[in-house]
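Scroll down for the structure; my scribbles are underneath it.
In what follows, every heavy atom counts, from backbone to side chain, and hydrogens, waters and symmetry copies are set aside. Residue numbering restarts at 1 for every chain, and letters A, B, ... go by the order of the sequence lines.
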Amino acid sequence: MTGFIARRVALMVLTLIGVSILVFLITRLTPGDPVRQIVGPDAPQERVDEVRHDLGLDRPVLDQYLRFMGDALTGDLGQSLRTRQPVIEELGARFPLTFQLTTFAVTIAVLVGVPLGVVSAAKRDTALDRLATVAALFGASMPIFWIAIMATLLFAVRLSWLPTAGNDGPIWTVSGFKSFILPGITLALGPIALVMRLTRSSMLEVLSREYVGVARAKGLAESRVIFRHALRNALLPVITFIGLLYGSLLGGAVVTETIFSLNGVGRLVVTAINQRDYPVIQGAVLMLAVIFTLINFVVDIMYAMLDPRIRYE
Amino acid sequence: MVAIEQVERRVDRRELLATGGKIGLLAATMPAALGGVKSVAAQDGDPVTGGTLTLIRQDDALNLTPGINSGLADIAANFFLYDALVIKDFNGEVQPALAESWESSEDGLTWTFNLRQDVQFHSGEPFTSAHVVDHVERWLDRPTSTKLALLESVEAPDDYTVVFTLSSPTLVFLNNISQTEWAYASIPNMNKVAEAGDEYGITVVDGTGPYILEEWVQDDHMTLVRNPNYALGNPVYENNGPVYPDTLVIRIVPEATSRTNMMETSEADLNLHVAPRDVELLSGFGGLTVESFPRVSSNHIGFNMEKPLFQDINVRRAVTHAIRRDEITQFVMFGQADPAEGYLHPDVPGALPREESQQYVAYDADLARQLLEESGWVGDDIREKDGQSLTFTTYVSTEEGEQILQVVQDHLKDVGIDMQISRLDPAAFSDATMAGEHDARFIPMIYTTADHMYFFITDSIPSPNTVFYSNAEFDELFAQSQTSIDEEERNALFGQLETHLLDQAVVVPIQHVRWIFAQQERIHDARYHNIHGAYKLTDTWVD
């Protein structure tokens with residue numbers, strides 16, 4: 001296990017270096033000059049050169065990259081070109097909201113998707129199975145912006161149960177929780193369907209295994225067979241998927257954040273890309289990559305712990 | 001729609017033109033304002049003190065240090081937080097604000113301002129001339145300050161006098177300093193600026209304006225509270241004392257539908273960015289009023305004059321005459337824009353009378369076809385000449401611009417021109433058009449006066465002159481307009497400049513956009529400005 005963890009950590013470091021190089025190069029290869037964004041299109045060339053020098057953008061790309069990584073290792077992700085604030089502070093201000101939103105959405109996806117998948121598999125080819133499948137696919141097929149607008153019109157505009165947009169505090173407060181309900185459910189609809197389908201197919205595979213047949217032959221109650229013997233094994237691929245899902249939602253909730261006016265990391269990154277705010281783009285992508293690889297790492301460890309047959313050595 | 005019609009009746013264009021015409025001149029770079037707009041719900045009874053006024057905007061400010069950038073959101077917030085030495089009233093006249101009087105030397109090179117002695121910053125520190133000097137000097141050192149090349153020095157002979165010395169006489173000076181985006185238009189507390197460093201404008205703001213910054217969560221909301229010591233000391237607003245609401249909240253809601261929903265649920269009082277498509281919907285709701293009024297603007301297509309195709313004036317004129325502008329304003333803008341009948345907005349002093357300008361832009365598909373044939377472009381479908389198709393690509397950076405171009409594309413196809421559309425994000429658009437990669441580009445130009453036609457002089461190549469137009473006659477006319485100290489003469493010169501642009505078909509005017517606001521019935525005495533939009537709202541109160 002120790003060797004496995006060491007290899008995974010080494011791989012994580014390599015991945016992060018790769019991501020940082022990629023994002024660094026992509027931002028610099030994309031057309032659009034950040035200096036012009038700052039000084040305006042009418043500024044004379046000498047002023048442009050001066051600001052470019054001040055920002056260190058006139059140095060060779062390799063030099064810029066090494067400086068960025070050197071600073072990043074000490075926790076300094078640079079200063080936003082747009083707001084002149086430290087990137088770490090900008091991310092720190094946005095991340096809690098995205099974290100709460102993503103965690104809430106993933107929780108909903110698991111709490112709804114897994115039971116639906118289990119029921120679908122246990123009641124395979126029944127009306128219940130078909131209904132659950134259709135409902136899940138319906139949720140996954142609807143574009144997020146459409147779902148968001150319809151849900152807002154119903155629950156916020158017509159029924160006035162929930163706020164239309166914005167964040168009214170942390171999720172553990174009543175008003176905060178209410179402001180997370182619509183975006184959380186909207187963001188969770190696609191993942192619910194995916195979790196449900198994955199759980200269902202995984203359950204079906206496990207339920208056809210011999211040890212499940214043995215458990216039934218022993219006369220165990222069906223619920224015990226399903227939850228004690230089948231589900232535990234069927235959840236392995238689901239856990240891996242949830243890990244990946246969590247990572248991707250952290251940086252990919254832009255549409256939800258925009259429609260519900262939530263001030264999260266996704267919106268920050270999109271604005272930064274539009275303004276060619278290199279430090280913010282680099283910092284945000286690096287942070288998301290670290291989180292993503294960490295989650296993967298944890299999932300791998302859990303995988304090994306859940307399934308004693310897995311021996312990574 | 002009733003409310004809109006009411007507004008349109010009240011905002012008589014000729015009236016605006018007349019008032020705007022009284023105004024002085026503007027900097028070639030960021031000219032000043034003209035007329036204003038009458039309040040829609042003026043004199044709604046006795047104002048009530050207290051309550052919260054919630055505004056919604058689509059985008060947020062970046063930094064509340066005056067002059068650090070000229071984003072519209074920054075300017076809008078700074079109207080609440082700061083005051084200028086002078087201020088434009090709703091008729092476009094310059095009125096006293098932080099300065100109670102001023103005078104210029106006979107040669108027009110020296111401007112002396114006498115400051116009010118009873119003004120305090122939000123922190124309680126007294127406002128003096130040192131703050132003005134400090135701020136202007138700091139600002140001149142910033143990247144965006146080059147437009148103030150005319151300013152040679154600023155001095156404070158005593159605590160309440162400021163003297164500006166210019167390098168050449170100009171009529172634009174007074175107008176410039178009424179613009180909040182200019183350094184010496186909004187004065188922050190120099191001690192706070194020095195103490196806070198980079199934090200100034202983000203976590204620390206100390207101005208003299210009607211509201212005090214209490215909290216700012218960038219891209220989410222800004223909470224401002226009443227400045228109890230405020231006194232504008234001028235006749236621009238009826239209320240010259242502290243504002244009525246206890247709190248002003250500016251919420252950032254990027255999605256248009258979400259903003260509309262928030263108005264329906266009364267979560268917001270004033271939507272400063274109503275999407276044209278939502279006007280009818282919002283107008284149908286009880287308790288809401290929609291205000292739609294002209295905004296000085298000229299959305300237009302500009303040709304890249306260095307491209308061989310557009311060196312042929314017949315092609316440029318053919319494009320201009322092939323477009324049905326009313327179709328664009330009706331179907332893309334839902335009637336919330338005005339078809340261009342010339343280049344300059346009709347409310348701008350110096351704009352040609354429409355009966356003179358419309359001949360250059362009138363829809364005439366037959367004329368367009370004839371012009372193309374004269375130049376040898378023939379064919380039944382997309383025209384050809386010497387084996388080459390009549391095709392070009394127009395760059396655009398906004399969604400609305402792209403929708404407009406899709407209609408234009410259809411119109412041009414009718415006369416045998418194939419126009420492709422390339423949408424880029426703003427940064428890439430700016431780079432590509434400066435590099436001259438485009439055949440043509442569409443921009444939603446918003447300006448304040450005809451001085452913005454410096455966009456088309458040779459010295460402005462490659463930016464902002466992204467049409468790469470270089471014409472000695474145009475340059476000369478523009479230079480005259482900038483040195484003339486006779487207002488009538490300047491306006492006549494602007495008319496000639498507009499005629500030149502239209503006659504040479506350098507640009508294809510499309511439409512003039514509008515301010516569109518929605519407000520709840522509980523909002524009273526909100527007065528809007530056709531240059532500055534919501535402006536300071538110091539008369540406004542809530543039930």
Side-chain angles (χ1 to χ4, degrees), chain A residues 30-48 50-52 54 79-86 89-90 93-94 97 145 148-149 152-153 156-160 162-167 255 257-264 267-268 270-271 273-277, chain B residues 29-30 56 58-63 65 68-70 142-147 149 197-199 201-203 217-221 251-255 257-268 397 424-435 437 454-455 460 462-466:
Chain A
T30 312
D33 182 356
V35 178
R36 281 281 171 198
Q37 296 299 305
I38 295 167
V39 300
D42 310 352
Q45 191 58 43
E46 54 267 32
R47 186 58 96 169
V48 174
E50 191 183 318
V51 174
R52 196 183 306 282
D54 288 350
Q79 220 184 30
S80 163
L81 303 180
R82 194 171 70 103
T83 61
R84 304 301 174 102
Q85 294 300 295
E89 283 181 20
E90 295 246 328
R94 311 292 188 107
L97 191 142
F145 69 87
I149 290 168
T152 308
L153 279 177
V157 178
R158 296 282 165 259
L159 300 171
S160 300
L162 300 166
T164 308
N167 172 239
V255 176
E257 286 180 2
T258 304
I259 294 175
F260 289 103
S261 307
L262 296 172
N263 203 16
R267 263 176 72 197
L268 177 71
V270 168
T271 312
I273 290 171
N274 281 333
Q275 305 270 340
R276 299 295 185 272
D277 195 341
Chain B
T29 49
M30 186 58 195
I56 41 179
Q58 68 179 12
D59 51 356
D60 201 2
L62 292 177
N63 190 311
T65 309
I68 205 164
N69 65 61
S70 55
R142 288 196 180 118
T144 45
S145 66
T146 51
K147 293 172 181 173
D198 278 349
E199 286 296 311
I202 303 284
T203 55
V217 179
Q218 212 162 19
D219 288 336
D220 191 75
H221 73 276
R251 288 184 65 179
I252 309 306
V253 184
E255 232 292 308
T257 307
S258 303
R259 292 195 296 276
T260 296
N261 289 339
M262 288 177 75
M263 292 304 291
E264 282 187 56
T265 56
S266 300
E267 286 169 79
S397 66
L424 298 107
D425 70 64
F429 176 85
S430 167
D431 264 22
T433 51
M434 273 179 70
E437 292 167 17
Y454 81 101
F455 266 61
S460 295
S463 178
N465 186 350
T466 50

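- The line from OG1 of A:Thr152 to CE of B:Met262 is 11.0 Å long, rounded to the nearest 0.5 Å.
- Side chain of A:Asn263 to backbone of B:Gln218: a donor-acceptor contact under 3.5 angstrom is found.
- Listed for the B:Arg251 side chain is a donor-acceptor partner under 3.5 Å among the backbone atoms of A:Ala165.
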(request) Could you give me the CA-CA distance, side-chain angles and deciding distance for A:Arg94 and B:Asp219, then say whether side chain to side chain contact (heavy atoms under 4.5 Å, CB included) is met? (result) CA-CA 10 Å; A:Arg94 311 292 188 107; B:Asp219 288 336; 2.7 Å; yes
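- At a 4.5 Å heavy-atom cutoff, the contact between A:Gln85 and chain B is made by side-chain atoms alone.
- Using a 4.5 Å heavy-atom cutoff, the side chains of B:Glu264 and A:Thr164 are not in contact.
- Rounding to the nearest 0.5 angstrom, the gap separating the OG1 atom in B:Thr203 from the CD atom in A:Glu89 is 9.0 Å.
- A:Arg267 is listed as a side-chain neighbour of B:Ile252, based on a closest heavy-atom distance under 4.5 Å.
- Contacts of A:Pro163 with chain B are made by both backbone and side-chain atoms, with heavy-atom separations under 4.5 Å.
- Between A:Leu153 atom CG and B:Thr260 atom OG1 the span is 10.0 Å, to the nearest 0.5 Å.
- Within the 3.5 Å criterion, the main-chain N or O of A:Phe260 finds no donor-acceptor partner in the side chain of B:Ser258.
- Interface remark: A:Ser160 contributes no atoms to any contact with chain B (heavy atom separation under 4.5 Å).
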